[in-house]
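Heads up: the structure comes next, in structure tokens.
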Amino acid sequence: MKKQSGILGVCAFAFGANMALFLIKLYVGLSADSISIFSDAVNNLFDSLSGLLSLICLGAVIKSSDPSTQSIVKKSEQLLSFIMAIIVALTGFYFAYSSLERLMYPTPVWYMEKYLIMLLLTAAAKIVMWFVYRLWSKNVDSPVIKVMSFDCILDFFITCVTILTLILSKNGGYSFDAIFGLIISTVIVVSAVRMTVTGAAQLINYVSADRRNAVEEALEGLGDGIKPESVTYYADGDRISAYVRISEQELEKASGNIDKVKIECIKKADVDLIFVKP
């Protein structure tokens, strides 16, 4: 329950903080007529909506008193992390399209000292948010928090690029706005694709063929003629568990070898074995 409450707290914090940053950057982006700053604002909007979505979905799941909700919460976290990664990728493609359009049709970017100060404050806010997520992650191990923490670092560098764009545009270099917009979109898309692939692998409980073979070899140590009915894999963050379905009679026959097989499985495949009866 402590972990679940911690995740809800992080999601609520992410929604409020990113919404505030979105409003500030939206004002600066529209006032300065900068596509890179506006794109950065939209990125914060998607981060805020992701936090809200996570808060609503996890809150609905955690509200249930069923003990099985523990496993549902874990899969819900992985699903939400996957959705967040896709949202970030779509944001990156949107940035690329807008930047290319601005590159073909350059328009002035209006520089003011107060815009620069506001952007510097939003960059500092992202560093503060990163520290907050780091503190939370020490007590709550969650893929959602890890994605948010990584996104903070990415957003910080993106905002630094928009600050540089605003400074360079001061002297009439309008094309810098579009060029840096393309750079931002490339970084976002590449990072989001990596997160999407990792999230998809966890979501479908992907385990490589080498690991599966190593688990099967380790299970041969149960004894001659003892074969499990089935092996089901479950991915939880960086840890992978294999649920071995085996009859009570065969489990009793292999009782002397079970600990040895578990150790061997961790050594060869880095997979935790959990034996369950039909």
Side-chain angles (χ1 to χ4, degrees), residues 10-52 84 87-136 147-192:
V10 172
C11 292
F13 172 76
F15 169 69
N18 282 304
M19 181 57 72
L21 293 177
F22 160 69
L23 293 174
I24 293 172
K25 291 179 182 179
L26 179 65
Y27 168 75
V28 176
L30 294 177
S31 299
D33 195 24
S34 169
I35 187 62
S36 59
I37 299 175
F38 175 71
S39 298
D40 191 12
V42 174
N43 182 37
N44 283 128
L45 174 62
F46 282 135
D47 290 341
S48 180
L49 294 178
S50 297
L52 179 61
M84 287 165 64
I87 290 174
V88 173
L90 292 175
T91 304
F93 284 116
Y94 168 77
F95 291 171
Y97 171 79
S98 300
S99 299
L100 283 172
E101 188 177 46
R102 180 62 66 93
L103 189 61
M104 291 186 291
Y105 306 103
T107 56
V109 175
W110 307 106
Y111 173 88
M112 289 185 67
E113 293 289 343
K114 69 174 183 178
Y115 298 157
L116 180 60
I117 294 173
M118 293 174 75
L119 289 178
L120 288 171
L121 290 175
T122 60
K126 275 297 178 179
I127 293 298
V128 173
M129 290 172 66
W130 179 77
F131 275 111
V132 171
Y133 291 143
R134 290 274 293 181
L135 290 174
W136 244 309
V147 172
M148 290 179 176
S149 179
F150 172 80
D151 188 63
C152 274
I153 298 299
L154 183 63
D155 284 353
F156 170 75
F157 286 108
I158 289 174
T159 303
C160 288
V161 172
T162 60
I163 291 171
L164 180 60
T165 301
L166 186 64
I167 294 173
L168 293 174
S169 299
K170 179 181 179 181
N171 298 318
Y174 307 141
S175 60
F176 282 111
D177 187 43
I179 293 172
F180 282 124
L182 285 172
I183 293 174
I184 291 172
S185 64
T186 302
V187 172
I188 290 175
V189 170
V190 171
S191 301

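Small disclaimer: the values here were computed from a predicted structure and weren't measured. What you see below is based on every heavy atom in this structure, not just the backbone, and it leaves out hydrogens, waters and symmetry mates.
When all heavy atoms of T159 and A123 are compared, the closest pair comes out as CG2-CB, 3.9 Å. Among all heavy-atom pairs drawn from A89 and V189, the shortest one is O-CG2, 4.0 Å.
Note: L21 CG to L119 CG = 10.5 Å, rounded to the nearest 0.5 Å. Distance check, rounded to the nearest 0.5 Å: CG of L45 to CE of M19 gives 5.5 Å. Distance check, rounded to the nearest 0.5 Å: CG of D155 to OG1 of T162 gives 10.0 Å. Remark: K126 NZ to Y133 OH distance equals 6.0 Å, nearest 0.5 Å.
For L116, the side chain to side chain contact (heavy atoms under 4.5 Å, CB included) partners are Y111, E113, L120, I163, L166, I167, not counting sequence neighbours. Judged as a side chain to side chain contact (heavy atoms under 4.5 Å, CB included), and not counting sequence neighbours, the contacts of Y27 are S31, K114, Y115, M118. Under the rule for a side chain to side chain contact (heavy atoms under 4.5 Å, CB included), the partners of L100 that lie at least two apart in sequence or sit in another chain are L182. Qualifying side chain to side chain donor-acceptor pair (under 3.5 Å) partners for T122, counting only residues two or more places apart in sequence or in other chains: none. Under the rule for a side chain to side chain contact (heavy atoms under 4.5 Å, CB included), the partners of L26 that lie at least two apart in sequence or sit in another chain are F22, L30, F38, A41.
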Exercise for review: Any chance you could lay out the side-chain contact (heavy atoms from CB on, under 4.5 Å) test for I117 and M112, step after step, and finish with the verdict?
Suggested key: CA-CA 9 Å; I117 294 173; M112 289 185 67; over 6 Å; no
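Here salt bridge (Lys or Arg N to Asp or Glu O under 4.0 Å) pairs that include residues 16-29, with residues two or more places apart or in two chains, are K25-D40.
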